Amino acid sequence: MQTQALIIEDDKDLAAAISDYMELEGVEFDFAFNGAAGLNLALENRYDIILLDISMPKMDGLTVCQQLREKGISTPVLMLTARDTLEDKIKGFNAGSDDYLVKPFAMEELTVRIKALVRRTQGTVNKLKVGDLSIDIDKHQVQRGGEAINLPPACWKMLVCLMQNSPNVVSKAELERYVWDDEQPESDSLKVHLFKLRKLIDKPFPHPLIHTVHGVGIVIKEQDEIKEQE
């Protein structure tokens, strides 16, 4: 599943290096090269994680983080900084950061920390709803229009992935990775299970929620949202 990230870092070479490395890990970055621009992006868009330098022009990272928390933005923040004293780390955590990584750092460690923060945050969202369809991840329950729906394991994973990303489109390659991890599925597996999912989620009801965006992927959203975008 694609991770949407924001990096607020005035060192453009470092920001580019992080983006190039993390692209292979399924992380897609937006960039801001000063604190004020980063704050605006973080307030205007939804991200899975924010990488934030402390020493920056226009607004330092501590202020950016503090203002995000004051405005109710709970996106996990990983601070990247050359300051390695205990006092500096305490200031970062007090400002609302979730983790702290001292420069220079290994890209492998950055990868592990990003994945851990994203996984921890996503795990707290247990109930998801699109239109009259709702799922409870902890209880493994699906309901549409008040009716319980039983899904086979692959269809359940597919639905969770689509619901977590709604209203964004999920590519077929992303769906395959989410459902089967690194195991290569049979050539028609995704098509077969998607057909089953549509049959269980959409067919008994008056309007579909699962839509194919040709050449892009699959999305789950209400029909009115589709029409608004056309």
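Please read these numbers as outputs of a predicted model, since none were measured by experiment. This chain uses plain numbering: 1 for the first residue, then up along the sequence.
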Got more than 12 heavy atoms from elsewhere within 6.0 Å of CZ, F195? no
Could you state the interatomic distance from OG1 (T63) to CD (E70), rounded to the nearest 0.5 Å? 9.5 Å
Under a 4.5 Å cut-off applied to non-hydrogen side-chain atoms, are M79 and L62 in contact? yes
One thing to verify: whether E176 and K157 come together as a salt bridge, which I'm taking to mean a side-chain N less than 4.0 angstrom from a carboxylate O. no
Please tell me if the side chains of Y178 and V160 come closer than 4.5 Å, counting only heavy atoms from C-beta onward. yes
Side-chain donor or acceptor of S19 paired with backbone N/O of F29 under 3.5 Å: no
The reported gap from CG in D98 to CG in L117 (rounded to nearest 0.5 angstrom) is 6.0 Å
Under the 3.5 angstrom rule, does the side chain of N165 hit a backbone N or O of N168 as a donor-acceptor pair? no
Polar side-chain atom of S166 near backbone of K221 as donor-acceptor pair, under 3.5 Å: no
Has E9 got a side-chain atom pairing as donor or acceptor with D11's backbone, closer than 3.5 angstrom? yes
Side-chain ion pair, R46 and D48, N-O less than 4.0 Å: yes
Is the closest basic N to carboxylate O distance between D99 and K115 below 4.0 Å? no
One should read off an interatomic distance between L101 CG and K103 NZ, to the nearest 0.5 angstrom, of 10.0 Å
For the backbone of A37 and the side chain of N34, can you confirm whether one donor and one acceptor N or O come within less than 3.5 Å of each other? yes
Sort out for me which residue in V130, I149, L197 forms a side chain to side chain contact (heavy atoms under 4.5 Å, CB included) with L159. L197
Go through it in stages, so that I can follow the logic: the residues are E108 and T111, the test is side chain to side chain donor-acceptor pair (under 3.5 Å), and I'd like the CA-CA distance, side-chain angles, deciding distance and then a yes or no. CA-CA 5 Å; E108 292 86 350; T111 301; over 6 Å; no
Hey, are the side chains of D136 and V142 touching, using non-hydrogen atoms and a 4.5 Å cut-off? no
With a distance cut-off below 6.0 Å to the six-membered ring centre and an angular limit of 45° from the axis, does K12 pair with F33 as a cation-pi contact? yes
Do other residues, nucleotides or ligands put more than 12 heavy atoms under 6.0 Å from the CD atom of Q141? yes
Any side-chain heavy atom of I201 sitting closer than 4.5 Å to one from I210? yes
By side-chain contact (heavy atoms from CB on, under 4.5 Å) - contacts of V112 (at least two apart): none
Looking at K199, I want to see if its NZ is surrounded by more than 12 non-hydrogen atoms of other residues, nucleotides or ligands under 6.0 Å. no
Matching residue for Y47 among D30, T3, T75 - test: side-chain hydrogen bond (donor to acceptor under 3.5 Å, both in side chains): D30
In Å and rounded to the nearest 0.5 Å, what is the SG to CZ distance from C65 to R69? 5.0 Å
With a 4.5 Å cut-off on side-chain heavy atoms, are L133 and M163 touching? yes
Using 30° and 60° as the class limits, which term best fits the ring planes of Y100 and F93: parallel, tilted or perpendicular? tilted
Mind checking what makes salt bridge (charged side-chain N to carboxylate O under 4.0 Å, His left out) contact with R198, not counting sequence neighbours? none
Atom pair OG1 (T81) and CG (L52), whose distance is rounded to the nearest 0.5 Å: 9.5 Å
Any I50 side-chain heavy atom under 4.5 Å of L78 side chain: no
As an exercise, state the distance from CG of L110 to CE of M22, rounded to the nearest 0.5 Å. 5.5 Å
For residues W180 and L190, determine if any side-chain heavy atom of one lies less than 4.5 Å from a side-chain heavy atom of the other. yes
Would you indicate whether the side-chain heavy atoms of H211 and I218 approach each other to under 4.5 Å? no
